[in-house]
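Inspection log for the structure reproduced underneath, given as structure tokens.
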2 protein chains.
Amino acid sequence: MARKNRRDAIIEAAAELFAAKGFRATTVRDIAEEAGILSGSLYAHIATKEDLYLEIVRRAAQDFSGAVGPLVDERGDAPVKLGRMIRAHLGVIDRSRAWARVYLDDDSELSEATRVEARRLRREYERLWDAVLQEGMASGQFLMADESLTRLFILSALNGIIRWYRPGGRLSIEAVADHYVQLVLRVLKAD
Amino acid sequence: MARKNRRDAIIEAAAELFAAKGFRATTVRDIAEEAGILSGSLYAHIATKEDLYLEIVRRAAQDFSGAVGPLVDERGDAPVKLGRMIRAHLGVIDRSRAWARVYLDDDSELSEATRVEARRLRREYERLWDAVLQEGMASGQFLMADESLTRLFILSALNGIIRWYRPGGRLSIEAVADHYVQLVLRVLKAD
DNA sequence: CCTACCGATCGGTAGG
DNA sequence: CCTACCGATCGGTAGG
């Protein structure tokens with residue numbers, strides 16, 4: 001929470017609201033109120049409501065890539081790396097729930113241009129996962145009949161968490177991550 | 001496609017539009033146009049836009065339960081049954097894409113009452129999967145450290161399909177189902 | 001950042 | 001099922 005200016009507060013408020021109610025159901029008046037200003041004043045800081053969405057997706061993409069990306073090149077074999085990546089990915093979901101939700105949901109209510117950019121950012125992130133899956137396949141530690149299908153299966157399972165996990169529930173995110181790492185390694189026949 | 005009255009046509013149109021654009025971004029004028037009438041005339045057949053949503057969720061829940069439910073009591077051991085259920089589940093997603101999408105997405109733009117009912121229907125459906133998972137655990141054919149976590153993992157992976165599968169792509173839904181059955185059985189250490 | 005407001009569009013209704 | 005319309009609310013702007 002370094003420099004926290006008004007613009008950041010607006011984006012933060014929008015992320016929470018988009019995550020909770022969806023893009024369309026969130027009004028610029030909701031966002032302004034949450035940020036402590038009036039809706040007209042919002043436009044001194046942003047161009048459009050849709051730009052706000054894009055900014056959230058970009059920051060979330062950075063969160064995920066920043067947490068998971070460096071792990072691809074760290075020491076360790078593919079199963080170990082994948083375990084770290086899963087923990088990091090679920091960690092971001094846990095710490096940045098609202099941002100993650102906006103980022104992971106392909107919101108169909110937006111303009112094509114916005115959706116294309118959001119999709120591009122997600123695809124770029126997915127390549128990190130491909131890299132490690134391929135590494136494990138090359139080393140013979142992962143068994144996959146169809147790599148891209150397997151990646152989709154795994155990432156869908158992981159991202160599903162955002163639909164049911166609530167902090168303070170029966171399991172901590174770390175406990176969930178421990179379980180999920182095991183399940184994913186089973187999928188890959190790696191244990 | 002038995003009796004196909006105007007009301008059914010309206011619900012069908014709404015399902016396609018809600019799936020494509022979301023509940024909020026779909027207007028009653030969109031729905032009416034798709035059904036070939038004017039928006040005011042819609043209200044001779046429905047009470048509110050939200051009722052339309054509920055009706056779609058109810059029919060989709062019936063689709064899934066009708067296709068998967070009977071398989072729980074059929075002949076065969078748990079792994080065989082689970083394989084059949086996965087194929088049936090993906091079959092519904094394939095044949096009733098729009099309905100499935102509306103049903104599977106917990107739309108946060110709706111009233112509490114509506115969301116509670118939709119959640120109830122989804123929970124009821126999930127119990128079918130719990131039954132078979134428990135059967136496999138009892139027979140020693142499935143290995144799970146945490147049954148409910150494993151169910152969430154598996155169903156998230158399966159339902160993720162609705163976000164990427166498009167008919168006419170590289171793989172048929174049957175081919176995807178074949179792969180996914182194998183991956184799920186691996187998760188359960190059942191092969 | 002506020003006041004004051006815009007044109008457009010929304011879900012839904014009355015009366016036929 | 002249409003015509004005609006309602007009050008409310010929407011994203012965004014002008015002028016300060």
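Because the structure is predicted, anything quoted here is derived from the model rather than measured. Throughout, protein chains are lettered first and strands after them, A, B, ... in sequence-line order, and every chain is numbered starting at 1.
Rounded to whole Å, atom C1' of dC1(D) lies 17 Å from atom CD1 of Ile31(B). For the pair Leu52(B) CG and dC10(C) P, the computed distance is 16 Å after rounding to whole Å. In this entry the distance linking CD of Glu33(A) with P of dT9(D) reads 13 Å, nearest Å. Here dG11(D) presents its C1' atom at 15 Å from CD of Glu109(A), a figure rounded to the nearest Å. Taking atom OH of Tyr53(A) as the reference point, atom P of dG11(D) lies 16 Å away to the nearest angstrom. Atoms CG (Leu42(B)) and P (dC2(D)) sit 10 Å apart, rounded to a whole Å.
Between Tyr43(B) and dG12(C), a side-chain N or O to OP1/OP2 separation shorter than 4.0 Å is present.
Of the candidates dC10(D), dC1(D), dC1(C), the closest approach to any side-chain atom of Ala44(B) belongs to dC1(D). Residue Arg6(A) has its side chain nearest to dC1(C) when only dC10(C), dC1(C), dC1(D) are considered. Distances were taken from every side-chain heavy atom of His45(A) (C-beta onward) to each of dG11(D), dC1(C), dG12(C); the shortest belongs to dC1(C). Comparing dC2(D), dC10(C), dT3(C) by their closest approach to the side chain of Leu38(B) singles out dC2(D). Distance from the side chain of Val28(B) is smallest for dG12(C) among the nucleotides dC1(D), dG12(C), dT13(D). Closest approach to the Lys49(A) side chain among dC1(C), dG12(D), dG11(C) is made by dG12(D) (side chain taken as heavy atoms from C-beta onward).
Within the 4.5 Å cutoff, the side chain of Glu109(B) has no heavy atoms near those of the Lys21(A) side chain. Under the 4.5 Å side-chain criterion, counting only non-hydrogen atoms from C-beta, Trp99(B) is not in contact with Val57(B).
Position along DNA chain C of the nearest nucleotide to Gly40(A) versus Arg24(A) favours Gly40(A) as the more 5'-ward residue. Nearest-nucleotide mapping onto DNA chain C: of Ser41(A) and Arg29(A), the residue sitting toward the 5' end is Ser41(A).
Applying the Watson-Crick and G-U wobble criteria (two distances, each under 3.5 Å), dG16(D) pairs with dC1(C). Searching all strands for a Watson-Crick or G-U wobble partner of dT9(D) with both distances below 3.5 Å returns dA8(C).
Around the CD atom of Gln62(A), the shell of radius 6.0 Å holds no more than 12 heavy atoms that belong to other residues, nucleotides or ligands.
Side-chain contact, Glu50(B) with Thr48(B): no donor N or O sits under 3.5 Å from an acceptor N or O.
A continuous path of Ile, Leu, Val, Met, Phe, Trp and Tyr side chains, each step under 4.5 Å between heavy atoms, connects Ile154(B) with Trp164(B), placing both in one hydrophobic cluster.
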